[in-house]
**Q** 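The structure's right below; bear with me while I get my questions together.
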Amino acid sequence: MSVLPLLWRNMKWRYHNAFTIVMTILQPMLWLVLYSAVAGQTMKGAGISNYTAFILPGLVVLVSFSACSSGGIMNYLMKAEGSFYRILIAPVSRTSIITAQILEAVCCTFLEVSILFGAGLFFSVRIASGFVGMLLIVLIVFLTAFFMSGLTYAISLRLPNEVIYETVMNAVVLPAFFLSTALFPADTLTGPLKTIVNLNPLTHVINILRTLLLQGEVHSHNLLWVICLLVVLSAISFCAALRGLKKEMSL
């Protein structure tokens, strides 16, 4: 079980670089506290009584992306200190290396999501679907973070330095976030914009989280569709990360 020692090593790295947690949770917290308070007055006219609860699923996805993106930064810092290459020549499987780093990013995601939900309690945010809904939210967040962590890991292995990496990640995260239903309902959208929003996989993740959070009931086929989508995306991102690591070893 080489995954557990590597996971523990990555968690110790995160502990000694706690600023990565602060920086990734800061922006979503500002959105939750400030933007929801300002925009909530306007959105009441659209029939959304608790706008903080409405945007919380979108912020969960945003903080997941941010936490997982910091996992890519870990690769560059470990390369600079040489520990990245020491792990590569160690007698451990490549899948264990990737799995450990992905799981560390997933743990960091759950920590930051818990902080968001804790802050949401002060804004009357409650999980309408109860305990079962909470378990489903945990499952969806896990799969989302797994997919995003594998994606960011693969991207970090293909880019030469952290400056370019951060630029590329901003170019990926911001359009994916704004071209979804994170901040507004998509019911009134028409034309190409509606098509783009519907093609965005994050839209479906946010919608299912929002349904579990606000309505309490979700159609089983919608839930199964989102879970299957995330499983497929997670498998693709993991394979991309594995291929990138093998290519790194051949250099």
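None of these values were measured; they are calculated from a predicted model.
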**Q** Write down the atom of Val125, the atom of Leu56, and the distance for their closest heavy-atom approach.
**A**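 What the structure gives for the nearest pair is CG1-CD2, 3.6 Å.
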**Q** Supply the atom-to-atom distance Thr181 OG1 to Leu202 CG, rounded to the nearest 0.5 angstrom.
**A**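 Rounded to the nearest 0.5 Å, the OG1-CG separation comes out at 9.0 Å.
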**Q** Are Glu162 and Met169 close enough that some pair of their side-chain heavy atoms sits under 4.5 Å apart?
**A**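 Contact flag for Glu162/Met169 side chains = no.
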**Q** For Ala241 versus Gly150, what's the shortest heavy-atom pair and its separation?
**A**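 That closest heavy-atom pairing would be CB-O, 3.8 Å.
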**Q** To the nearest 0.5 Å, tell me how far Ile155 CD1 sits from Asn75 CG.
**A**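 It is 12.0 Å, given to the nearest 0.5 Å.
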**Q** Please answer: with hydrophobic residues joined when any side-chain heavy atoms are less than 4.5 Å apart, are Leu174 and Val205 in the same cluster?
**A**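 Yes, because Leu174 and Val205 connect within a single hydrophobic cluster, where side-chain heavy atoms sit under 4.5 Å apart.
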**Q** Under a 4.5 Å cut-off applied to non-hydrogen side-chain atoms, are Lys246 and Leu242 in contact?
**A**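 In contact.
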**Q** Got a donor-acceptor contact below 3.5 angstrom from the Ser237 side chain to the Phe147 backbone?
**A**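 Pair found, side chain donor or acceptor close to backbone of Phe147.
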**Q** On a heavy-atom basis, which atom in Leu6 and which in Ala100 lie closest, and how many Å separate them?
**A**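 Result for this residue pair: CB-CB, 3.4 Å.
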**Q** Has Thr152 got a side-chain atom pairing as donor or acceptor with Cys68's backbone, closer than 3.5 angstrom?
**A**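 Pair found, side chain donor or acceptor close to backbone of Cys68.
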**Q** For residues 130-143, please give each side-chain donor-acceptor pair under 3.5 Å, one per line with the distance, not counting sequence neighbours.
**A**
none

**Q** Okay, side chain of Thr109, backbone of Ala67: is any donor-acceptor separation there less than 3.5 Å?
**A**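 Here the side-chain-to-backbone pair does not exist.
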**Q** Let me check something: do Ile236 and Trp225 share a hydrophobic cluster, defined by ILVMFWY side-chain heavy atoms less than 4.5 Å apart, either directly or through other members?
**A**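 Different clusters: Ile236 never reaches Trp225 through Ile, Leu, Val, Met, Phe, Trp or Tyr contacts under 4.5 Å.
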**Q** Do you reckon Val61 sits in the same ILVMFWY cluster as Val232, going by side-chain contacts under 4.5 Å, direct or chained?
**A**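 Result: no, two separate clusters.
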**Q** Is it the case that one hydrophobic cluster holds both Ile73 and Ile164, taking links as side-chain heavy atoms less than 4.5 Å apart, direct or via other members?
**A**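 Yes.
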**Q** Do Phe117 and Leu213 come within less than 4.5 Å of each other through their side chains, counting heavy atoms only?
**A**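 When only atoms from C-beta onward are counted, Leu213 and Phe117 do touch, with a gap below 4.5 Å.
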**Q** As an exercise, state the distance from CG of Asn161 to OG1 of Thr167, rounded to the nearest 0.5 Å.
**A**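 If we round to the nearest 0.5 Å, Asn161:CG and Thr167:OG1 are 8.5 Å apart.
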**Q** Rounded to the nearest 0.5 Å, how far does OG of Ser70 lie from CE of Met74?
**A**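 Going from CE on Met74 over to OG on Ser70, the span is 6.5 Å.
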**Q** Under the side chain to side chain contact (heavy atoms under 4.5 Å, CB included) rule, what do Leu62 and Val173 come out as? Steps first, then yes or no, please.
**A** CA-CA 8 Å; Leu62 178 61; Val173 173; 3.9 Å; yes
**Q** How long is the gap from CG on Leu223 to OG1 on Thr211, to the nearest 0.5 Å?
**A**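 Between atom CG of Leu223 and atom OG1 of Thr211 there are 10.0 Å.
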**Q** Find out if a path of hydrophobic residues (ILVMFWY) with successive side-chain heavy-atom gaps under 4.5 Å connects Val231 to Phe238.
**A**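 Yes; Phe238 is reachable from Val231 via cluster members.
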**Q** When you look at CZ of Arg126, are more than 12 heavy atoms from neighbouring residues, nucleotides or ligands closer to it than 6.0 Å?
**A**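 Buried by this count: over 12 neighbours within 6.0 Å.
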**Q** Please report the C-alpha distance between Tyr165 and Tyr76 in whole Å, then the side-chain angles of each, then the deciding distance to 0.1 Å, and finally whether the ring-ring contact (aromatic ring centres under 6.0 Å, His included) criterion is met.
**A** CA-CA 10 Å; Tyr165 172 77; Tyr76 293 106; 5.6 Å; yes
**Q** Answer yes or no: is there a side-chain heavy-atom contact under 4.5 Å between Val63 and Leu59?
**A**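 Of all side-chain heavy-atom pairs linking Leu59 with Val63, none is under 4.5 Å.
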**Q** Side chains of Ile127 and Leu212: does their closest heavy-atom pair fall under 4.5 Å?
**A**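 Of all side-chain heavy-atom pairs linking Leu212 with Ile127, none is under 4.5 Å.
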**Q** After noting the C-alpha distance and the side-chain angles of Tyr51 and Leu183, does the key distance pass the side chain to side chain contact (heavy atoms under 4.5 Å, CB included) rule?
**A** CA-CA 9 Å; Tyr51 188 62; Leu183 301 177; 3.9 Å; yes
**Q** Any idea which heavy atoms bring Ile206 and Pro57 closest together, and the distance?
**A**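 Looking at all heavy atoms of both residues, the closest pair is O-CB, 3.8 Å.
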**Q** Taking all heavy atoms of Ala128 and all of Leu214, pick out the closest pair and write down the distance.
**A**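 Shortest heavy-atom contact: CB-O, 3.5 Å.
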**Q** Could you report the tightest heavy-atom contact between Ile98 and Tyr153, atom names first, then the distance?
**A**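 Between these two residues, the closest heavy atoms are CG1-CE2, 4.0 Å.
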**Q** Looking at OG of Ser64 and CZ of Phe146, how far apart are the two atoms once the value is rounded to the nearest 0.5 Å?
**A**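 Reported value, rounded in 0.5 Å steps: 14.0 Å.
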